[in-house]
Amino acid sequence: MLDIGAIVDGKYKILNQIGRGGMSIVYLAMNERANKQWAIKEVRKDGTQDFAFVHQGLIVEMEMLKRLRHPYLPTIIDVIDLEDSFLIVMDYIEGIPFCKALEEYGPLPQEHVIEWAKQLCEVLGYLHSRPIPIIYRDMKPDNIMLKPDGSITLIDFGIAREYKSYALQDTRALGTQGYAAPEQFGGQGQTDARTDIYGLGATLYHLVTGQNPAKPPYEVFPIRHWNATLSQGLEKIIWKCVQKNPNERYQSCAEIQYDLEHFQELDSRYSLQQKLRLLSFLGMFFFAVIFSLTAVWAYHTEISIVTQKYNDYIEAAKSGATASEQFAYFEKALQLMPGEERAYLELVDKLYLKDDILTTAEDQQLRALLIRRTNTGKTYEEELRENVSGYEKLAYQLGIAYFYSYEEHGNKALSAKWLTVAANASTLDTRKVQRASKLGRIAEYYARLGIESKSGDNNINYAEYWKDLCEVTKGDITAFDNTTTALMVYQEMVYQIYVNALKFEQAGISKEELQRQLNEIKKHFNEDIDVDSLQETDRIKQLAEQLNRNISRAQRVLKKEKCDE
């Protein structure tokens with residue numbers, strides 16, 4: 001054990017012990033030079049059986065976290081390999097693990113659990129959407145920290161693993177009984193994103209019922225078995241997560257997140273309320289007809305006033321001094337006319353994508369708006385969906401934003417819903433419909449990249465994938481989109497050549513064709529993109545520089561393969 005008051009590595013002063021696990025002790029430490037607190041996780045070499053394996057797990061955990069950047073994940077600061085122990089210095093997460101909250105308060109309020117579940121879906125979705133997907137495998141209340149501001153942090157990546165496309169099953173059976181999916185214990189193929197979905201469901205079950213699935217009889221029951229006042233919609237979501245057959249679970253965290261945002265619509269009581277509203281409406285219909293003629297003039301006058309006020313709010317938002325002030329005006333506009341598209345489009349374009357990055361916080365803010373209810377009982381999204389043209393315009397805009405700009409690098413899974421709407425649009429420009437359709441197919445490829453069927457065959461048809469990529473990059477993109485979109489489209493093609501050149505060749509795409517496409521992108525970059533536009537924002541300059549770097553990397557890959565021949 002480290003002594004309280006000891007100085008580690010000449011800079012970290014041990015203040016006190018804040019946690020203890022089966023293999024490690026966690027301390028609160030102060031970097032006196034920087035006047036900042038950190039957490040130090042110590043694993044002693046002489047107190048751990050099979051330390052070589054544990055050490056390897058720690059190295060894996062450290063390397064994973066070093067590459068990850070997400071508001072719900074800790075950051076690795078330092079690694080210290082001492083003679084008798086191994087130390088990992090990381091962010092100090094102020095708060096308590098959910099296991100302690102359960103001990104102190106018992107079952108937690110379902111409305112809070114739903115919000116925490118959305119945050120967990122976001123961070124798991126982030127891990128699963130990495131170029132090499134990361135499977136967490138240890139979801140349980142002990143490994144989720146609840147911070148004072150109500151947000152969460154996912155900790156302890158000791159048994160996380162990268163998904164290996166060539167593996168038939170995991171190397172070792174690891175996980176906590178009760179929270180771990182059946183496939184974690186071997187014999188059912190390797191673990192994947194659906195494994196974490198099982199652990200998420202078991203964790204939500206524990207949080208909302210107070211019943212620990214890690215204790216006998218190690219089973220999860222429908223949550224209303226314990227508390228009949230809980231939502232039937234939430235019960236359906238959790239029950240689908242914890243199915244023993246992975247194919248019967250949700251297939252992605254994006255699917256869960258959508259249902260969590262609409263959980264009341266899964267509740268049979270919601271359907272009853274809707275029927276009662278309908279009967280009430282029909283009862284009032286007769287009286288409405290009597291007064292309809294005299295109301296026409298007043299109605300049109302009111303609409304004119306509301307429309308003018310709506311437009312005034314949008315203009316005020318565009319000239320707001322701060323982001324919060326801008327959002328407040330957009331929010332007022334949407335409260336007036338949630339079925340009109342202009343405020344949504346301006347909100348995304350002028351505020352969220354002002355820096356060409358759609359952040360997690362902005363995504364959450366937008367989702368909260370779309371599920372907000374009007375006095376008619378409909379959500380804002382439902383109101384807008386009745387405006388077919390407006391809804392399809394927003395769907396295209398959001399599909400592109402999620403695909404390319406979410407947290408800088410894009411999130412293909414989150415783009416899928418909106419791209420599907422845009423691909424089936426009846427009012428959008430034909431080129432936008434075609435682009436949405438192709439990008440939607442690429443999003444599907446991302447979901448399947450690296451995932452093999454049980455027979456060992458890869459689910460990706462790389463010849464078809466190549467064809468779709470070529471279609472998306474064809475022509476002068478800047479003629480009907482913008483410079484940022486063009487650079488991102490080219491970046492996608494170049495990156496795939498860089499990482500999957502060999503698989504494209506195995507699918508029958510020649511090196512000459514790969515090189516020709518690289519040359520074509522360089523030509524578009526030099527001829528179609530206005531050089532002055534590259535100085536518009538740091539984001540555009542960064543994309544241009546990154547594209548040039550990746551073109552060089554892709555060319556080196558192709559040349560290396562030629563040399564290998």
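No hydrogens, no waters, no symmetry mates; every other heavy atom, side chains included, goes into these values. For the single chain, residues carry numbers from 1 onward in sequence order.
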For [X], check ring-ring contact (aromatic ring centres under 6.0 Å, His included) against everything at least two apart and list the hits.
| X | result |
| --- | --- |
| Tyr218 | none |
| Tyr126 | His70 |
| Trp239 | none |
| Tyr27 | none |

If you round to the nearest 0.5 Å, how far is [atom2] of [Y] from [atom1] of [X]?
| X | Y | atom1 | atom2 | result |
| --- | --- | --- | --- | --- |
| Ile371 | Phe263 | CD1 | CZ | 8.5 Å |
| Ile135 | Leu127 | CD1 | CG | 8.5 Å |
| His112 | Leu146 | NE2 | CG | 9.5 Å |
| Leu102 | Ile96 | CG | CD1 | 9.0 Å |
| Cys121 | Glu261 | SG | CD | 9.0 Å |
| Ser252 | Ile197 | OG | CD1 | 6.0 Å |

[X]: which residues meet the salt bridge (Lys or Arg N to Asp or Glu O under 4.0 Å) condition with it, sequence neighbours left out?
| X | answer |
| --- | --- |
| Asp138 | Lys140 |
| Lys417 | Glu381 |
| Glu42 | Arg44 |
| Asp363 | Arg367 |

Should we say atom [atom1] of [X] is surrounded by more than 12 heavy atoms from elsewhere, each under 6.0 Å from it?
| X | atom1 | answer |
| --- | --- | --- |
| Tyr92 | OH | yes |
| Asn16 | CG | yes |
| Tyr329 | OH | no |

- prompt: With ring centroids as reference points, do Trp418 and Phe403 lie under 6.0 angstrom apart?
  reply: no
- request: Assess the pair Phe330 and Tyr313: is the distance between their ring centroids shorter than 6.0 Å?
  value: no
If I compare all heavy atoms of [X] with all of [Y], which pair ends up nearest, and what's the gap?
| X | Y | result |
| --- | --- | --- |
| Pro222 | Glu235 | CB-OE2, 3.3 Å |
| Arg249 | Pro182 | NH2-CD, 3.7 Å |
| Cys253 | Leu124 | SG-CB, 3.6 Å |
| Gly399 | Ser415 | O-CB, 3.5 Å |
| His206 | Tyr179 | ND1-OH, 2.6 Å |
| Asp156 | Lys41 | OD1-NZ, 3.7 Å |

Any donor-acceptor pair under 3.5 Å linking the side chain of [X] with the backbone of [Y]?
| X | Y | value |
| --- | --- | --- |
| Asp9 | Lys11 | no |
| Asn411 | Leu414 | yes |
| Gln243 | Lys240 | no |
| Gln17 | Val26 | no |

- line: Hits for side chain to side chain donor-acceptor pair (under 3.5 Å) against Gln251, two or more places apart or cross-chain, chain-then-number order -> Arg194
Would you say the side chain of [Y] lies within less than 4.5 Å of the side chain of [X], judging by non-hydrogen atoms?
| X | Y | answer |
| --- | --- | --- |
| Thr379 | Leu370 | no |
| Leu487 | Val489 | no |
| Pro338 | Tyr344 | yes |
| Leu353 | Leu358 | yes |
| Cys99 | Asp142 | yes |
| Ile238 | Val208 | yes |
| Gln37 | Leu15 | yes |
| Ser85 | Val43 | no |

- prompt: So Glu362 and Lys354, salt bridge (Lys or Arg N to Asp or Glu O under 4.0 Å) or not? Walk me through it.
  reply: CA-CA 12 Å; Glu362 290 166 343; Lys354 188 175 182 179; over 6 Å; no
task: Using the salt bridge (Lys or Arg N to Asp or Glu O under 4.0 Å) rule, collect all pairs that involve residues 97-120, keeping only residues at least two apart or in two chains.
output: Glu115-Lys118
message: With salt bridge (Lys or Arg N to Asp or Glu O under 4.0 Å) as the rule and sequence neighbours excluded, what pairs involving residues 196-216 come up?
response: none
Donor-acceptor pairs are to be reported for all side-chain atoms of residues 71-78 against protein atoms at under 3.5 Å, with residues two or more places apart or in another chain.
unit_1: Tyr72; atom_1: OH; unit_2: Gln364; atom_2: NE2; d: 2.7
unit_1: Thr75; atom_1: OG1; unit_2: Asp91; atom_2: OD2; d: 3.3
unit_1: Asp78; atom_1: OD2; unit_2: Tyr12; atom_2: OH; d: 3.2

Basic-acidic side-chain contact under 4.0 Å: Glu346, Lys318: yes
field: Ion pair Glu265/Lys236, N-O distance below 4.0 Å
entry: no
Just checking, any donor-acceptor pair under 3.5 angstrom between side chains of [X] and [Y]?
| X | Y | result |
| --- | --- | --- |
| Thr191 | Glu183 | no |
| Gln491 | Asn550 | yes |
| Thr360 | Glu407 | yes |
| His128 | Tyr136 | no |
| Tyr205 | Asn212 | no |

- request: Please step through side-chain contact (heavy atoms from CB on, under 4.5 Å) for the pair Tyr498 and Arg549, ending with a clear verdict.
  value: CA-CA 11 Å; Tyr498 173 50; Arg549 284 197 301 272; over 6 Å; no
query: Can Trp38 and Leu28 be said to form a side-chain contact (heavy atoms from CB on, under 4.5 Å), step by step?
result: CA-CA 6 Å; Trp38 304 103; Leu28 176 63; over 6 Å; no
- request: Start with the C-alpha distance between Tyr406 and Thr359, add both sets of side-chain angles, then the distance that settles side-chain contact (heavy atoms from CB on, under 4.5 Å), and finish with yes or no.
  value: CA-CA 6 Å; Tyr406 184 79; Thr359 67; over 6 Å; no
message: If you apply the rule side-chain contact (heavy atoms from CB on, under 4.5 Å), what do you find for Val79 with Phe86, and how did you get there?
response: CA-CA 8 Å; Val79 176; Phe86 186 84; 3.5 Å; yes
